[in-house]
Amino acid sequence: MAPDNRGPSDQASDHTTASRARDFFSVPTPIKRIFDQFPLVTYGPNDLPYRSGLERRGNRLFVFTDPARARRGRPSFNPQCLKWQAYLRFVGIDVETVPSNNHASPTGALPFLLPALPAGTSSPIPSSKLQKWAIEQVHCEEEQQLNLRFEVYGSLLDHRIRNAWLYTLYLDQENFTAVARRLYVDPSTSNFAVRAALSMQLQNAARDELLKTSAYVDAAALEADAADAFEALSALLGDNLHFFDRPNPGLFDASVFAYTHLILDEGMGWKQNRLGQLLRQHENLVQHRERLLKFF
């Protein structure tokens, strides 16, 4: 460190300046007395939900749902969660659905699964690894994975139908108030200001997602893309019970069902449901949804 070659007057000036700075940032005595009664405590990170004290009775799938739906094993109201909830049901794996949110997920997104076996496991399974885990559990054949058509038609769901869904749920103001806010915002807090902030975040996130592929949000174009996607899916299904003429429903069936069920579900409380009108034009897709709903 370089030596201090300044004179006494300079050092005294520095001392005075430092003293004033400390006084400026110091807590007034009356307020300090209050905070002294409540010392700062730094808590450790939250444990995963399986350490909550509840006995683990089986596989537990953490999804967007409410306690009443979870108790009855009803479908999640979130397409991504419902996709995996349905898929596990279709391949014969029993799971207990648990209400959760993204903040509780180790990956920051739902769903995730805490398997019953091996006993004492502490590693949650994210959605990206759920299919691999399911195949290992029941040794089911997933021939559709080898079919290029799965990826091609999967893009219809991941882009065209999903984009129309985002607009319908989050950017249509009537639907947002009646459906999205009721399902995602209101259960999280009773504070009006916080609800308003969360609502704005959800709508901005949906808008930003749609603007990734378009210069502006065009509702008519989104509906037209969804209509084309439904027509293509209807042609793919044809007269078959399941997609790709599988004897049992597979992952693609679950992916389609995750949207068709929620779009047609009157319990969602839709105020404007143009997607429902477009979907009902394809009777085989409606019947496909009704057949799969019986699994629940």
Side-chain angles (χ1 to χ4, degrees), residues 64 75-83 86 144 147-184 199-240 242-244 249-293:
F64 283 110
S76 167
F77 50 73
N78 177 273
Q80 181 69 5
C81 291
L82 179 53
K83 168 185 173 179
Q144 65 187 30
N147 197 321
L148 181 60
R149 291 186 302 168
F150 181 88
E151 296 182 4
V152 173
Y153 285 94
S155 66
L156 296 176
L157 295 168
D158 296 336
H159 298 287
R160 295 192 176 195
I161 293 179
R162 178 174 180 268
N163 286 347
W165 168 270
L166 290 176
Y167 176 85
T168 299
L169 181 62
Y170 295 107
L171 299 186
D172 181 292
Q173 193 56 48
E174 287 190 83
N175 282 334
F176 180 80
T177 301
V179 184
R181 180 163 180 157
R182 172 175 55 86
L183 294 176
Y184 291 100
S199 296
M200 184 176 296
Q201 289 177 7
L202 283 177
Q203 293 187 300
N204 287 340
R207 185 177 293 105
D208 291 344
E209 186 67 20
L210 294 177
L211 291 176
K212 289 180 179 179
T213 56
S214 177
Y216 61 95
V217 177
D218 187 338
L222 292 172
E223 290 179 359
D225 286 345
D228 290 342
F230 288 140
E231 184 175 358
L233 291 173
S234 177
L236 176 64
L237 179 61
D239 296 328
N240 298 322
H242 309 118
F243 283 95
F244 305 109
L251 181 59
F252 194 79
D253 294 274
S255 301
V256 174
F257 174 76
Y259 284 104
T260 59
H261 168 65
L262 295 178
I263 290 171
L264 297 176
D265 184 10
E266 295 181 357
M268 289 287 287
W270 299 110
K271 294 299 182 181
Q272 305 286 340
N273 195 359
R274 177 60 177 158
L275 291 182
Q277 296 174 0
L278 297 173
L279 179 56
R280 288 189 178 92
Q281 296 177 12
H282 304 284
E283 185 61 28
N284 60 344
L285 294 181
V286 175
Q287 293 175 351
H288 177 265
R289 175 253 183 179
E290 293 174 352
R291 285 192 298 271
L292 298 189
L293 184 58

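Atom set for the values below is all heavy atoms of this structure, side chains included, hydrogens, waters and symmetry mates excluded. Quick caveat, the model's predicted, so the values are computed rather than measured. The chain is numbered in sequence order, starting from 1.
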query: Can you tell if the side chain of Phe244 reaches within under 4.5 Å of the side chain of Asp253, non-hydrogen atoms only?
result: no
task: With the side chain counted from C-beta on, respond yes when Leu233 and Ile161 share a heavy-atom pair under 4.5 Å apart, and no when they do not.
output: yes
field: Test item: Leu264 and Asn273 side chains (from C-beta on) under 4.5 Å apart, heavy atoms
entry: no
field: Heavy-atom check, side chain of Gln80 versus side chain of Phe64, under 4.5 Å
entry: no
Exercise: do Gln173 and Gln203 side chains pair donor with acceptor under 3.5 Å: yes
message: Is any side-chain heavy atom of Thr168 closer than 4.5 Å to one of Gln272?
response: no
field: Between OG1 on residue Thr213 and CZ on residue Arg160, distance to nearest 0.5 Å
entry: 11.0 Å
task: For the pair Asp265 (side chain) and His261 (backbone), establish whether a donor and an acceptor sit closer than 3.5 Å, ignoring hydrogens and angles.
output: no
field: Leu275 to Ala226 - nearest heavy-atom pair and separation
entry: CD2-CB, 3.7 Å
- prompt: Are Leu251 and Lys83 side-chain neighbours, meaning at least one heavy-atom pair lies under 4.5 Å?
  reply: yes
- prompt: With Trp165, which of Trp270, Phe77, Tyr170 fulfils ring-ring contact (aromatic ring centres under 6.0 Å, His included)?
  reply: Trp270
message: So His288 and Leu292, do their side chains get closer than 4.5 Å, heavy atoms only?
response: yes
message: Tell me the closest heavy-atom pair linking Glu223 and Leu278, and the distance in Å.
response: O-CD1, 3.5 Å
- request: Determine yes or no for a side-chain-to-main-chain donor-acceptor pair under 3.5 angstrom, with Asn163 supplying the side chain and Leu210 the backbone.
  value: no
query: How are the rings of His282 and Phe230 set relative to one another: parallel (under 30°), tilted (30 to 60°) or perpendicular (over 60°)?
result: tilted
- prompt: How many angstroms lie between CD1 in Ile263 and CZ in Arg280, if you round to the nearest 0.5 Å?
  reply: 10.0 Å
query: So, for Ala215 and Leu211, which heavy atoms are closest and what is the spacing to 0.1 Å?
result: O-CD2, 3.8 Å
message: For the CG atom of Leu262 and the CZ atom of Phe257, what is their distance to the nearest 0.5 Å?
response: 7.5 Å
message: Please find the pair of heavy atoms, one from Ala220 and one from Asp218, that lie closest to each other, and give the distance.
response: N-OD1, 3.1 Å
message: Does Glu266, at its CD atom, have more than 12 non-hydrogen atoms belonging to other residues, nucleotides or ligands within less than 6.0 Å?
response: no
Interatomic distance, Leu237 atom CG to His242 atom NE2 [nearest 0.5 angstrom]: 9.0 Å
- line: What one should report as the nearest heavy-atom pair of Gly238 and Asn284 is O-ND2, 3.1 Å
- request: State, to 0.1 Å, how close Asn175 and Lys271 come at their nearest heavy-atom pair, and which atoms those are.
  value: OD1-N, 2.8 Å
task: Please examine the side chains of Val256 and Leu157, heavy atoms only from C-beta on, and report whether any two atoms are closer than 4.5 Å.
output: yes
query: Atom NZ of Lys212 and atom NE2 of His159: how far apart are they, to the nearest 0.5 Å?
result: 11.0 Å
- line: Separation between CG (Leu169) and CG (Leu166), nearest 0.5 Å, reads 8.0 Å
